[in-house]
2 protein chains.
Amino acid sequence: MALDTTEITTRRPASVPTLAGLNALEAEAVDLFVGLAQVVGLPKSIGQIYGLLYISTAALSLDDIAGRLDISKGSASQGLKFLRSTGAVRSCDDHESRCDHYEAETGLRALATGFLKEQIEPHIKSGEGRLVRLKRLAAAAPASERAHVVQRVKQLETWHSRAAGLLPLLIRFLGK
Amino acid sequence: MALDTTEITTRRPASVPTLAGLNALEAEAVDLFVGLAQVVGLPKSIGQIYGLLYISTAALSLDDIAGRLDISKGSASQGLKFLRSTGAVRSCDDHESRCDHYEAETGLRALATGFLKEQIEPHIKSGEGRLVRLKRLAAAAPASERAHVVQRVKQLETWHSRAAGLLPLLIRFLGK
DNA sequence: CGATCAGTTCAATATTTTTTGAACAGAGAG
DNA sequence: CTCTCTGTTCAAAAAATATTGAACTGATCG
């Protein structure tokens with residue numbers, strides 16, 4: 001009787017550290033972070049990688065990650081690149097091995113800061129230029145509409161400054 | 001010399017209310033909201049519709065919207081459905097006309113509440129079930145990993161309650 | 001009633017985004 | 001120097017998402 005390798009992933013006992021495939025706990029953690037990633041508009045693979053590193057006891061290499069999650073090395077490389085760039089993952093250079101190993105940053109403040117700074121702040125910044133242009137156009141609108149559109153653009157400016165003010169507050173709230 | 005109809009959209013004088021196409025101010029406003037939509041992971045058409053209604057002096061019908069933005073009636077219908085469901089757009093039943101007319105809700109609090117309640121809250125709710133399962137699995141982990149994974153799951157619970165607590169705070173901050 | 005209009009739905013299509021995998025670059029090891 | 005081992009890049013393929021348009025419902029008008 002031959003081994004059924006197609007189901008080995010879910011059948012492997014939870015207690016055995018595996019080279020490929022996830023145990024039930026890892027699978028659940030990965031799932032949770034995949035969901036989280038989708039909420040904030042990040043690709044699934046990034047959620048998978050972070051989830052696996054988050055729950056893993058030991059730091060993992062790129063090949064570990066690709067193997068365990070059954071994704072390509074390319075995806076793993078790109079995902080790790082993104083996660084490192086936002087500070088969600090650190091490489092803990094382990095001198096025992098030739099290759100880099102990665103571990104999850106688990107401080108909520110650091111995570112939130114990285115995400116907000118990288119994903120949200122640029123949009124708020126670019127909004128400034130947009131508002132300037134809008135303001136000019138609104139001032140040039142025909143008299144019959146001018147009052148209305150000027151008021152709306154003013155409101156947008158309020159929104160903008162609220163959003164800008166919210167960022168540091170958010171970070172502080174999540175901070176400690 | 002023939003009229004160049006391919007550029008009529010941008011060439012039409014700002015002062016003439018149009019049946020199709022946007023004037024410069026409208027185009028700029030629509031663009032701004034398209035960008036905003038993409039930040040929060042909503043389709044472009046939804047940003048377009050809201051942006052047009054936001055800057056428009058008068059309420060617009062579904063056909064107005066589809067025509068001005070050059071999108072299909074189907075898109076416009078679906079987009080308006082979503083926007084109404086989150087409270088971002090109201091239909092102001094205008095008894096002069098047979099068809100419904102729509103206008104933008106411009107209160108930041110109402111907008112934020114609708115978005116958070118519809119798009120974020122469900123995820124936070126479903127997270128609860130996930131955490132329960134994770135907790136069980138963590139408790140059943142092999143002794144060598146148990147301390148670590150139990151700690152991580154505890155941390156996730158903290159994150160979860162922070163997120164849940166953040167929602168009402170956010171609404172309050174944006175509120176007045 | 002039949003005709004027209006306003007709006008919805010949904011399967012097909014188009015578009016955008018993500019993932020893959022093969023080619024490549026650099027860093028040791030032998 | 002050459003070979004192998006890690007990791008990156010990027011064009012092509014696959015998957016996910018949004019948009020279209022035609023068929024349909026229901027309302028109002030004549």
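In what follows, chains carry the letters A, B, and so on, assigned in the order in which the sequence lines appear, proteins first and then strands, with residues in each chain numbered from 1.
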Take atom NZ of B/Lys81 and atom P of D/dT25, then tell me their distance rounded to the nearest Å.
-> 16 Å
State which residues pass ring-ring contact (aromatic ring centres under 6.0 Å, His included) with B/Tyr102; sequence neighbours excluded, sorted by chain then number.
-> none
What string of B, S and - do you get for nucleotides 10-30 of chain C, 5' to 3', when a contact is any protein heavy atom under 4.0 Å?
-> B-------SBBB---------
Are B/Val132 and B/Val149 linked, directly or through other ILVMFWY residues, by side chains that come within less than 4.5 angstrom of each other?
-> no
How about B/Arg109 and B/Leu174: do any of their side-chain heavy atoms sit closer than 4.5 Å?
-> no
Find the distance A/Asp63:CG to D/dG7:P and express it as a whole number of Å.
-> 6 Å
Taking only side-chain nitrogens and oxygens of B/Arg84, does any of them come within less than 4.0 Å of OP1 or OP2 of C/dT8?
-> yes
Report the distance from atom CD1 of B/Ile65 to atom P of C/dA6, rounded to the nearest whole Å.
-> 13 Å
Test salt bridge (charged side-chain N to carboxylate O under 4.0 Å, His left out) applied to A/Glu157 - qualifying residues, sequence neighbours left out | A/Lys135
What is the distance from CD1 of B/Ile49 to P of C/dG7, rounded to the nearest Å?
-> 13 Å
Gap between atoms CG and P, on B/Asp64 and C/dA6 respectively (whole Å) = 10 Å
Test item: B/Leu60 and B/Leu53 side chains (from C-beta on) under 4.5 Å apart, heavy atoms | yes
So do B/Gln119 and B/Leu42 actually touch side chain to side chain, heavy atoms under 4.5 Å?
-> yes
Identify which nucleotide among D/dG7, C/dT8, D/dT9 has an atom closest to any side-chain atom of A/Tyr102, counting heavy atoms from C-beta outward.
-> D/dG7
